[in-house]
Amino acid sequence: MIILAELRARFASAIAPLSTEVDTLTRLVLPAQNAQFGDYQANCAMPLAKQLGRPPREVAADILSRLDVSDLCEPPEIAGPGFINLKLRTDWLADRLLQAVGNDRLGVGRVELPKRVILDYSSPNVAKPMHVGHLRSSVIGAALYHLLKFLGHDVVGDNHIGDWGTQFGMILYGYKHFLDEQAYRENTVAELSRLYRLVNQLCEYHQTIEELPGLEWKLAETEQAVNDAEAETEQNEKESKRLLKKLQADMSTLRNAAASAEAKIARFEADPDLKALADAHPGIVVDSRREVALLHTGDEENRRLWEEFLPACNRAMQDVYDRLGVEFDLTLGESFYQPMLAEVVRDLIERNLAQESQGAICVFIPGNRAPFIVRKQDGAYTYATTDLATIQYRARNMQAEVLLYVVDKRQSEHFQLLFETARLWGFDQLEYQHVSFGTVMGKDNKPYKTRSGDIVGLGSLLDEAVSRARGIVDANDDAKPNGPELDAAERQRIAEIVGLGSIKYADLHHNRDSDYVFDWDKMISMTGDTAAYMQYAYARVCGIFRKAGHSRQEIRDLPGQVRLNHPAERALGLQLARFEDSLRNAAAEYRPNLLTNYLFETANAFSTFYDKCPVASEESLDLRVSRFKLCELTASTMELGLRLLGIQTSERM
RNA sequence: GCACCCGUAGCUCAGCUGGAUAGAGCAACGGACUUCUAAUCCGUAGGUCGGUGGUUCGAAUCCACCCGGGUGCGCCA
């Protein structure tokens with residue numbers, strides 16, 4: 001049921017005779033900010049009054065005289081400077097809730113205009129270990145996938161994996177020089193991953209050594225500049241102070257960079273075996289790059305190895321997805337688009353969109369200084385080229401209407417250029433959206449890493465979540481008034497659900513654009529706004545049914561009405577009735593946190609209800625049935641809402 | 001130098017296209033388990049929404065400037 005849209009429609013016809021900007025005005029019909037003002041409020045009388053040059057309260061009265069909401073609302077009231085406060089009729093609300101109980105979509109409709117949406121999420125680099133960043137893209141992407149699909153869109157989930165990039169150069173180099181054959185036979189992926197890390201480490205070492213002198217030179221230069229500027233600061237106050245500050249900031253950045261480069265080198269050289277390897281492979285950076293180039297130009301050996309590596313890598317990736325419950329309809333990686341790249345560049349040139357610049361082929365977008373490079377000097381294509389080919393493919397072969405990219409916000413400039421180029425290229429009928437998200441930070445407010453500075457692997461992250469959740473499940477079950485109810489296997493099953501749910505919920509409940517601090521203690525906590533809280537609310541509802549000896553289906557089928565006399569009942573009922581509004585809001589802006597907020601409020605409303613209103617022990621049959629039905633709708637709403645977020649529930653906890 | 005983002009309670013964060021007294025969770029304090037799981041509930045305290053100006057009936061929200069923090073601008077993806 002869509003309450004908001006219904007109210008807006010009613011207001012639209014009331015406002016139409018007074019203004020031409022009906023849409024803008026009806027959008028000012030909103031859920032009440034404060035329960036004391038009712039359930040909904042319309043703020044449209046004030047701006048309309050300005051347009052008409054009449055007193056706002058008089059305009060409000062005018063709107064009310066044309067407004068017909070008597071079937072769903074109590075008589076509206078005008079308050080303050082011209083707010084119109086609306087309170088839903090409790091009998092209307094109760095009737096709607098009764099219809100939602102037992103409806104398999106809980107009364108949620110489908111969108112009027114379904115769109116073909118290609119949702120691009122997760123997109124890890126094959127053969128590189130997955131980390132928290134991939135978690136965000138996967139979790140947010142999966143949530144949007146379920147949500148949009150549930151609302152009736154035609155959604156295709158596509159994992160645009162990086163299976164053609166630089167990391168394969170490193171792996172190929174590693175395979176040719178450092179392979180442990182036995183390890184490769186026993187656990188291919190682990191060995192490839194070791195090779196990647198090893199070569200990457202060696203490359204970074206050489207690169208750091210190479211960069212350090214330049215860094216130090218630049219630092220010395222900046223230090224000198226700071227000294228000079230300090231001497232001059234007294235004259236010419238404002239401008240030179242600004243300059244000085246800037247220089248000091250630069251200096252501090254350079255100092256940190258130089259220090260961390262030195263530390264990196266020292267750490268590396270502390271390991272004599274690594275140092276020996278590095279000395280034995282001085283050209284490793286260039287040589288790894290050549291291995292990729294060979295792969296790209298069709299070298300037989302490298303192509304064969306690539307084909308040998310890939311299945312194992314994909315299987316390892318799939319294990320993580322299975323565990324997370326993340327699914328895709330397609331996995332079309334970068335390699336899939338390789339055959340199309342030459343044609344893409346040729347076409348861009350033919351249409352005068354791309355031109356040569358310093359040997360590279362670039363698209364220059366007016367208003368953007370940075371060129372969008374589609375072919376490098378050395379003739380290699382870039383991810384820009386691949387992304388354009390992907391858009392072309394999705395538009396032509398997949399009938400895409402909406403393209404969503406769930407990708408780190410640091411790539412926003414890339415997407416801006418990409419979308420602009422695609423539009424100029426002729427794909428201007430599509431809707432493009434970079435569904436960006438912020439960085440996962442550690443407690444030190446820097447990107448989340450282990451203490452030694454390594455990226456945290458996804459597998460160990462999930463293991464830790466489950467083991468922490470197990471502690472909570474054990475503690476709770478042990479503390480039950482009538483003794484423990486769960487055996488070890490059941491506890492473990494619940495710990496998986498709570499642990500994985502917690503990690504996903506923590507991610508989803510932040511505004512996706514914000515960076516957020518990864519904090520185990522908050523995520524898997526006994527209290528507060530966590531997955532566990534919602535899962536617990538769900539388990540408590542199920543407990544009521546179980547103890548009363550009713551199945552969910554029996555409760556749906558019970559003859560009877562929904563009553564909302566107690567404030568806690570009405571608050572819960574209103575909250576449940578807003579489910580579809582919340583789904584639509586979340587989908588409209590691709591913001592799962594709007595749905596987590598809703599579910600938290602729902603769990604909250606239920607917990608209050610649970611505290612104040614006996615269900616199974618309620619003496620009045622009429623009331624007991626009503627409360628059973630409210631409980632059933634709560635359970636279904638929580639279950640479905642969480643499921644759309646990719647979070648599971650358990651009937652017992 | 002260019003571009004983008006952020007600054008809200010002690011901490012972590014919400015705040016939808018400008019709306020009434022700025023909200024949650026944690027932490028603090030005080031209450032509530034003989035009654036459906038206290039992973040809960042009820043209450044108290046805590047904020048010049050970074051600063052200054054402007055736009056207007058009305059600004060955390062829009063605009064300008066300033067202060068402070070971050071990120072991107074590598075022919076890496």
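Values below: all heavy atoms of this structure, side chains included; hydrogens, waters and symmetry mates excluded. Letters go in sequence order (proteins before strands), and every chain restarts at 1.
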Between the side chain of A:Gln535 and the main-chain N/O of A:Ile497, is any donor-acceptor distance below 3.5 Å?
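Flag set: sc A:Gln535 to bb A:Ile497 pair under 3.5 Å.
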
Does A:His566 reach the main-chain N or O of A:Phe609 with its side chain, forming a donor-acceptor pair under 3.5 Å?
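Judged by distance alone, no pair lies under 3.5 Å.
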
Answer syn or anti for B:C33, where the cut-off is 90° from 0 on the glycosidic torsion.
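It is syn.
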
In the structure I gave you, are the side-chain heavy atoms of A:Glu601 and A:Arg578 within less than 4.5 Å of one another anywhere?
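No - every pair of side-chain heavy atoms lies 4.5 Å or more apart.
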
Just wondering, do A:Gln338 and A:Thr386 contact through their side chains at under 4.5 Å, heavy atoms?
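A side-chain contact exists here, since the closest heavy-atom pair is under 4.5 Å.
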
Looking for any heavy atom pair under 4.0 Å, which part of the strands does [X] touch: base, sugar-phosphate only, or nothing?
| X | answer |
| --- | --- |
| A:Glu601 | nothing |
| A:Leu30 | base |
| A:Phe545 | nothing |
| A:Pro484 | nothing |
| A:Cys613 | base |
| A:Ala479 | nothing |
| A:Gln36 | base |
| A:Met526 | sugar-phosphate |
| A:Ala79 | base |
| A:Gln41 | base |
| A:Arg375 | nothing |
| A:Tyr536 | base |
| A:Ser514 | sugar-phosphate |
| A:Val517 | sugar-phosphate |

Taking the six-membered ring of A:Phe518 as reference, does the cationic atom of A:Arg136 (NZ for Lys, CZ for Arg) lie under 6.0 Å from its centre and within 45° of its axis?
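The answer is no; the distance or angle limit is not met.
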
Would A:Arg540 count as a cation-pi partner of A:Tyr610, with NZ or CZ less than 6.0 Å from the six-membered ring centre and within 45° of the ring normal?
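Geometry flag: set, cation within 6.0 Å and 45°.
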
Is there aromatic stacking of A:Phe37 on B:A20 here, judged by a ring-centre distance under 5.5 Å and a plane angle under 30°?
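Yes; by the centre-distance and plane-angle rule, A:Phe37 counts as stacking on B:A20.
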
Aromatic stack A:Phe83/B:A20: centroid gap under 5.5 Å, interplanar angle under 30°:
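By the stated criterion, A:Phe83 and B:A20 stack.
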
Is it the case that more than 12 heavy atoms not belonging to A:Glu580 sit under 6.0 Å from its CD atom?
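Counting neighbours around CD of A:Glu580, more than 12 heavy atoms of other residues, nucleotides or ligands fall under 6.0 Å, so yes.
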
Sort out the partner of [N] for me: Watson-Crick or G-U wobble, both distances under 3.5 Å, none otherwise.
| N | answer |
| --- | --- |
| B:U48 | none |
| B:G25 | B:C11 |
| B:C57 | B:G19 |
| B:U34 | none |
| B:G68 | B:C6 |

Atom-to-atom span, NZ of A:Lys612 to C1' of B:U35 - whole angstrom:
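In whole Å, B:U35 C1' lies 15 Å from A:Lys612 NZ.
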
Using whole Å, what does the distance between atom C1' of nucleotide B:U37 and atom CG of A:Asp474 come to?
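To the nearest whole Å, that distance equals 16 Å.
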
Does the [N] base have a donor-acceptor partner in the side chain of [X] within less than 3.5 Å?
| X | N | value |
| --- | --- | --- |
| A:Asn85 | B:A20 | yes |
| A:Arg27 | B:U17 | yes |
| A:Asn476 | B:A39 | yes |
| A:Gln33 | B:U21 | no |

Say we look at [N] and [M]: how far apart would their [atom1] atoms be, to the nearest angstrom?
| N | M | atom1 | result |
| --- | --- | --- | --- |
| B:C49 | B:G7 | C1' | 10 Å |
| B:G58 | B:G74 | C1' | 48 Å |
| B:G47 | B:C2 | P | 40 Å |
| B:U40 | B:C4 | P | 44 Å |

Determine, for A:Asp581 against A:Arg584, whether the closest basic-nitrogen to carboxylate-oxygen distance falls under 4.0 angstrom.
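No salt bridge links A:Asp581 with A:Arg584.
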
Between A:Asn43 and A:Lys547, just flag the one whose closest nucleotide in RNA chain B comes earlier from the 5' side.
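It is A:Asn43, whose closest nucleotide lies nearer the 5' terminus.
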
Judged by each residue's nearest nucleotide on RNA chain B, which is more toward the 5′ side, A:Ile84 or A:His509?
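The answer here is A:His509.
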
Selection from [options] that lies nearest to any side-chain heavy atom of [X]:
| X | options | value |
| --- | --- | --- |
| A:Ser607 | B:G15, B:U40, B:A39 | B:U40 |
| A:Met653 | B:A24, B:A39, B:C75 | B:A39 |
| A:Tyr533 | B:C41, B:G25, B:U37 | B:C41 |
| A:Glu413 | B:C5, B:G72, B:C13 | B:G72 |

